Amino acid sequence: MRKLAVFAATGFGLGLSPVAPGTVGSLLGCLIVWIMTALRLPLAGQIAVCVLLAFVCVPVCTAAEKELSLGKDPGRIVADEYLTFPIAMLGLYGEWMQHAWLMPLCFAVARFMDIVKPFPAYRLQSLPSGLGITIDDLVASLYALAVNHIIFAAAMRWG
């Protein structure tokens with residue numbers, strides 16, 4: 001079971017990328033958004049799936065961190081990036097199909113927020129195991145969600 005957790009936590013191998021493993025692994029989040037868009041989930045359904053993904057992320061990352069024995073939040077664990085990315089696009093799932101620039105923009109904003117880790121995200125990563133691995137990305141995704149909605153609203157108004 002731990003081997004499966006490591007496989008999922010490393011983004012099915014994408015987190016093993018020698019260059020920017022967090023960004024490469026995050027690309028799976030785009031696939032999740034695409035699937036959720038194809039399912040035409042209403043906002044409540046999108047939120048429910050995002051909550052479920054965040055809850056699943058904690059034990060997966062905990063098991064992988066223990067199995068890999070590489071210290072706190074090793075870079076090859078990317079489940080926290082790809083499982084929280086859909087949060088950064090809540091309410092915009094249908095929009096990116098009509099505006100091709102939206103998904104790459106949301107992805108870039110989410111990666112920026114994950115790297116910068118605005119308060120309190122940076123402090124939250126000190127929580128133990130999978131909770132600490134996941135919670136900072138969840139908070140960063142909420143910041144990205146706000147920025148993405150602001151940018152989209154501005155673009156629709158003035159674009």
Side-chain angles (χ1 to χ4, degrees), residues 4-5 7-15 20-64 73 77-159:
L4 181 59
F7 189 54
T10 59
F12 309 99
L14 293 176
T23 300
V24 173
S26 294
L27 292 171
L28 287 173
C30 296
L31 177 61
I32 293 170
V33 169
W34 183 83
I35 291 168
M36 290 171 66
T37 302
L39 293 173
R40 297 179 184 248
L41 295 176
L43 183 58
Q46 295 170 26
I47 293 169
V49 170
C50 287
V51 169
L52 177 66
L53 293 174
F55 275 115
V56 166
C57 189
V58 173
V60 166
C61 290
T62 297
D73 197 1
I77 293 180
V78 296
D80 50 327
E81 277 87 13
Y82 76 80
L83 291 176
T84 59
F85 171 68
I87 295 168
M89 290 194 67
L90 282 171
L92 297 172
Y93 288 16
E95 301 298 338
W96 74 265
M97 296 292 283
Q98 298 161 0
H99 306 283
W101 54 269
L102 188 57
M103 173 97 65
L105 174 85
C106 290
F107 184 81
V109 170
R111 291 305 303 139
F112 176 78
M113 292 298 179
D114 181 42
I115 292 164
V116 172
K117 296 197 186 314
F119 181 82
Y122 183 79
R123 287 191 178 183
L124 292 171
Q125 68 185 351
S126 65
L127 291 169
S129 297
L131 180 60
I133 293 172
T134 304
I135 195 89
D136 66 309
D137 292 272
L138 189 146
V139 171
S141 290
L142 291 172
Y143 276 107
L145 174 65
V147 171
N148 289 336
H149 273 274
I150 290 167
I151 291 171
F152 183 71
M156 292 302 96
R157 179 174 176 141
W158 294 298

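Model, not experiment: these values are computed from the prediction.
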Chemist: Check whether any side-chain heavy atom of M89 lies under 4.5 Å from a side-chain heavy atom of M36, and answer yes or no.
Modeler: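 No, every pair of side-chain atoms sits at 4.5 Å or beyond.
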
Chemist: Please step through side-chain contact (heavy atoms from CB on, under 4.5 Å) for the pair I32 and L83, ending with a clear verdict.
Modeler: CA-CA 8 Å; I32 293 170; L83 291 176; 4.0 Å; yes

Chemist: May I ask you to decide if V109's main-chain N or O and Y143's side chain share a donor-acceptor pair within less than 3.5 Å?
Modeler: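 The answer is no, because no donor-acceptor pair under 3.5 Å joins these two groups.
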
Chemist: Looking only at non-hydrogen atoms, find the nearest pair between F107 and F85 and report the distance.
Modeler: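 So the minimum-distance heavy-atom pair works out to CA-CE1, 3.5 Å.
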
Chemist: What is the minimum heavy-atom distance between C57 and T134, and which atoms define it?
Modeler: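 So the two residues come closest at SG-OG1, 3.2 Å.
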
Chemist: Given 3.5 Å as the limit, does a donor-acceptor pair link the side chain of H149 with the main chain of L92, or not?
Modeler: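 Not a single qualifying donor-acceptor pair exists.
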
Chemist: Give me the atom names and distance for the closest heavy-atom approach of L53 to P86.
Modeler: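 For L53 and P86, the tightest heavy-atom pair comes out as CD1-CG, 4.2 Å.
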
Chemist: On a heavy-atom basis, which atom in A5 and which in V60 lie closest, and how many Å separate them?
Modeler: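 Scanning both residues completely, I find the closest heavy atoms to be O-CG1, 3.6 Å.
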
Chemist: Other residues, nucleotides and ligands only: do more than 12 of their heavy atoms fall within 6.0 Å of CH2 on W34?
Modeler: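 No, the 6.0 Å shell around CH2 holds no more than 12 heavy atoms from other groups.
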
Chemist: Given T84, which of I135, D136, D137 fulfils the side-chain contact (heavy atoms from CB on, under 4.5 Å) condition?
Modeler: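 The single option meeting the side-chain contact (heavy atoms from CB on, under 4.5 Å) with T84 is D137.
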
Chemist: Quick one: closest heavy-atom pair of L90 and Q46, and the distance?
Modeler: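 Taking every non-hydrogen atom into account, CD2-CB, 3.5 Å.
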
Chemist: Could you report the tightest heavy-atom contact between L102 and W96, atom names first, then the distance?
Modeler: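 Closest approach of L102 to W96, heavy atoms only: CD2-N, 3.7 Å.
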
Chemist: Does F12, at its CZ atom, have more than 12 non-hydrogen atoms belonging to other residues, nucleotides or ligands within less than 6.0 Å?
Modeler: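 Enclosed: over 12 neighbouring heavy atoms sit under 6.0 Å from CZ of F12.
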
Chemist: Could you walk me through whether M156 and H99 pass the side-chain contact (heavy atoms from CB on, under 4.5 Å) test, one step at a time?
Modeler: CA-CA 10 Å; M156 292 302 96; H99 306 283; 3.7 Å; yes

